[in-house]
There are 2 protein chains.
Amino acid sequence: MAIRPAEQLIHKAAWLYYAHGLRQDEVANQLKISRASVAMYLRKARETGIVNISTSTQLFTDDVMARQLEDAFKLDAVWIAPENAYVADASTDIAVLAASVFLELVKKGDRIGVAWGRTVYTIADIMSYADLQDVTVVQLCGNLGAPYSYRPDQCTMEIARRLNAKGLNFYAPLVLSTEGLAQGLRAEPVIRDQLAGIGDCDLALYSVGAVDADSHLVKCGALSPAEMSALRGQGAAGVIAGQVIDADGEVLDCDYNRRVISAELASLRAIGKRLMVVQEDSKFEPLLAAIAGGLCTHLVIGAHMAGRLLDHAGAASKKAS
Amino acid sequence: MAIRPAEQLIHKAAWLYYAHGLRQDEVANQLKISRASVAMYLRKARETGIVNISTSTQLFTDDVMARQLEDAFKLDAVWIAPENAYVADASTDIAVLAASVFLELVKKGDRIGVAWGRTVYTIADIMSYADLQDVTVVQLCGNLGAPYSYRPDQCTMEIARRLNAKGLNFYAPLVLSTEGLAQGLRAEPVIRDQLAGIGDCDLALYSVGAVDADSHLVKCGALSPAEMSALRGQGAAGVIAGQVIDADGEVLDCDYNRRVISAELASLRAIGKRLMVVQEDSKFEPLLAAIAGGLCTHLVIGAHMAGRLLDHAGAASKKAS
DNA sequence: CACGGCTCTCGACAAAAGTCAAATCTGGGT
DNA sequence: ACCCAGATTTGACTTTTGTCGAGAGCCGTG
């Protein structure tokens with residue numbers, strides 16, 4: 001907490017430049033340092049969240065489709081990234097939007113649950129820094145010791161780092177070999193407390209995984225391709241925080257799930273704001289399952305996915321009438 | 001709410017520039033407009049709060065004096081603007097700091113009470129724009145038809161405009177000629193409702209006035225210099241939202257106060273965050289009175305005033321022991 | 001106490017952003 | 001159809017900002 005002298009200077013430079021609107025050379029005069037140093041300090045100030053530059057995400061919720069989706073699926077808010085209109089890479093666009101939305105939803109003193117996956121890690125990676133005090137970032141599911149950079153604990157820590165927040169990791173494997181061991185571990189005080197604390201979160205950030213051979217669960221070796229396709233046959237529709245869910249968004253009754261250490265869906269549903277981000281178009285059915293299970297109140301998706309969801313909702317309501 | 005096409009463009013430009021980090025000429029290419037236009041749109045985006053640039057006010061609360069003051073006067077948070085260290089004009093510095101602190105304290109959906117005075121108007125004037133939806137700014141006291149630009153309704157409206165919020169004005173004079181008329185007006189449904197709604201605010205912004213011939217109350221003709229000095233003799237120590245308070249921060253029992261239409265102190269105390277800003281060093285005693293009366297939980301002052309407050313607290317505790 | 005490694009700072013140049021008057025567009029009103 | 005007032009857009013210019021390598025200060029070590 002003790003502010004180092006260098007940090008003092010960064011603060012002062014940022015204050016004079018951004019709050020008072022002085023030019024860099026004026027700031028340099030005031031602080032009796034060179035303008036080049038001022039420029040450097042200002043960059044640092046931006047990088048560490050001492051100054052915050054945020055752009056309103058209004059544009060993406062004001063969209064007609066977004067409104068229709070909110071109504072059709074009873075969601076609190078939907079943001080739609082207009083695909084290929086702007087930047088070359090559509091999925092980056094979704095991640096950038098998701099990061100902005102996330103920062104807009106976080107408040108001081110919040111407790112935030114973070115799951116894992118490529119999407120979440122991408123968001124963490126491009127998210128700008130902020131200076132949220134008293135924020136705690138907790139990991140929603142156990143770890144996977146994979147060689148990937150988006151391991152559950154990495155996602156949690158990276159987001160905590162970006163927010164200058166406290167990161168609470170979860171030191172248990174995501175999947176164990178036997179159900180008995182999983183039960184035993186879940187009963188461990190350290191683990192139990194953390195699992196119990198998940199329902200107290202104010203905000204959750206996750207994506208949903210697909211049930212196919214490309215799933216992280218397969219890539220990380222938690223499940224073999226054959227097991228995955230067997231689960232699919234049993235009605236698996238998606239993966240949330242490492243757990244396999246069915247089309248209704250409930251935990252699938254299967255051996256794998258019983259061996260998993262992760263947040264219970266009930267705890268997730270207890271979180272006020274559940275922000276779900278989906279980049280890949282192929283995750284249509286998993287997303288439907290997650291929505292059906294009430295696992296998402298706030299949604300960030302691309303325009304194409306939005307269209308498919310609306311078509312689906314339209315077809316369903318036509319069939320009903 | 002319907003976004004005009006020009007506003008669309010501003011949003012898009014701001015998004016590409018600030019969120020994606022493109023350069024202005026890249027944005028210009030994307031949107032098929034000239035770079036000069038992009039520069040203009042970006043300025044507009046900053047001016048209208050579509051993008052928010054805020055600097056942490058940490059530096060000013062992390063101060064040792066600030067901590068001591070919090071303890072000594074049981075305040076939730078204190079910010080101290082380091083006098084004459086930075087910018088030529090110390091009182092501007094206090095106002096800039098106050099504006100930042102204010103924006104940091106406001107949340108979406110808040111209801112904000114605003115009083116009036118030169119200090120408040122200065123803050124409104126330099127405050128940057130923000131895009132807070134669902135925020136309501138309410139006027140804490142009746143109007144003074146003075147030729148000043150910092151009339152109560154002006155302060156309210158200006159702050160509402162800056163936040164893109166709804167402004168709720170108070171269409172009654174601050175002072176009436178007779179107590180009876182004031183009572184009657186207070187009982188009017190429109191007025192009564194507004195007065196009753198003040199306690200529901202989440203945040204209040206005000207300063208405290210001095211009891212002397214320079215007071216706005218005198219300048220605006222609500223009181224003559226002679227009356228003012230008489231009130232001083234009766235124990236008046238300061239002015240809050242148009243009402244004269246004594247050294248304990250209670251409404252002074254006097255004819256003037258009975259003719260005033262303004263927020264009751266009890267309503268003000270019911271507001272969770274009461275942000276008081278004092279620019280002038282001469283307002284030492286009024287500020288003590290306001291603090292004594294529990295009219296302030298968050299305080300923004302200059303370094304000199306902070307020193308005087310600490311001296312006072314030190315002397316008081318020494319006397320007590 | 002001299003040495004290397006380290007970070008911090010600065011001057012000079014290159015790149016980017018801001019500005020302004022002139023040109024172009026737009027939407028009435030005749 | 002024509003013209004005008006107001007707003008918008010642009011190209012060309014100026015100012016401001018970002019960057020990079022050289023040099024200066026600092027500290028622990030041999």
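Quick note on labels: first sequence line is chain A, next is B, and so on, each numbered from 1. Because the structure is predicted, anything quoted here is derived from the model rather than measured.
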Please report the distance, rounded to the nearest Å, between [atom1] in [X] and [atom2] in [N].
X	N	atom1	atom2	value
A:N29	D:dT16	CG	P	13 Å
A:Q24	C:dG11	CD	P	15 Å
B:K44	C:dG18	NZ	P	15 Å
A:L9	C:dT7	CG	C1'	15 Å
B:L22	C:dA15	CG	C1'	16 Å
B:Y17	C:dA16	OH	P	10 Å
B:L42	C:dA16	CG	P	15 Å
B:K32	C:dC25	NZ	C1'	20 Å

Mind checking what makes side-chain hydrogen bond (donor to acceptor under 3.5 Å, both in side chains) contact with A:D25, not counting sequence neighbours?
->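 Testing A:D25 for side-chain hydrogen bond (donor to acceptor under 3.5 Å, both in side chains), a comparison that skips the adjacent residues, returns A:R23.
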
Compare all side-chain heavy atoms of A:W15 with those of B:T55 and state whether any distance is below 4.5 angstrom.
->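 Yes, side chains in contact.
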
On DNA chain D, check which nucleotide each of A:M40 and A:R23 is closest to and give me the residue with the more 5' one.
->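 It is A:R23, whose closest nucleotide lies nearer the 5' terminus.
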
Which donor-acceptor pairs under 3.5 Å do side chains of residues 105-113 of chain B form with protein atoms, sequence neighbours excluded?
| residue | atom | partner | partner atom | Å |
| --- | --- | --- | --- | --- |
| B:D110 | OD2 | B:K107 | N | 3.0 |
| B:R111 | NE | B:G197 | O | 3.2 |

Select base, sugar-phosphate, or nothing to describe what A:I33 touches, counting heavy atoms under 4.0 Å on all strands.
->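 Sugar-phosphate: the residue A:I33, judged by heavy atoms under 4.0 Å, touches backbone atoms but no base.
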
Across the strands shown, which category fits B:R35 at heavy-atom distances under 4.0 angstrom: base, sugar-phosphate, nothing?
->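 Since a base atom lies under 4.0 Å of B:R35, the category is base.
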
Reference residue B:H298; test side chain to side chain contact (heavy atoms under 4.5 Å, CB included); the match among B:L203, B:D76, B:L205, B:L75 |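 Option passing the side chain to side chain contact (heavy atoms under 4.5 Å, CB included) with B:H298: B:D76.
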
Give a yes/no on whether any side-chain N or O of [X] is located under 4.0 angstrom from OP1 or OP2 of [N].
X	N	answer
A:Y41	C:dC8	no
A:S37	C:dC10	yes
B:R43	C:dA17	no
A:R46	D:dT17	no

Nearest to the side chain of B:A36, which nucleotide is it out of C:dA17, C:dC20, C:dC10?
->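 Output: C:dC20.
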
Are B:E158 and B:R161 ion-paired here, with the side-chain N under 4.0 Å from a carboxylate O?
->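 A salt bridge links B:E158 with B:R161.
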
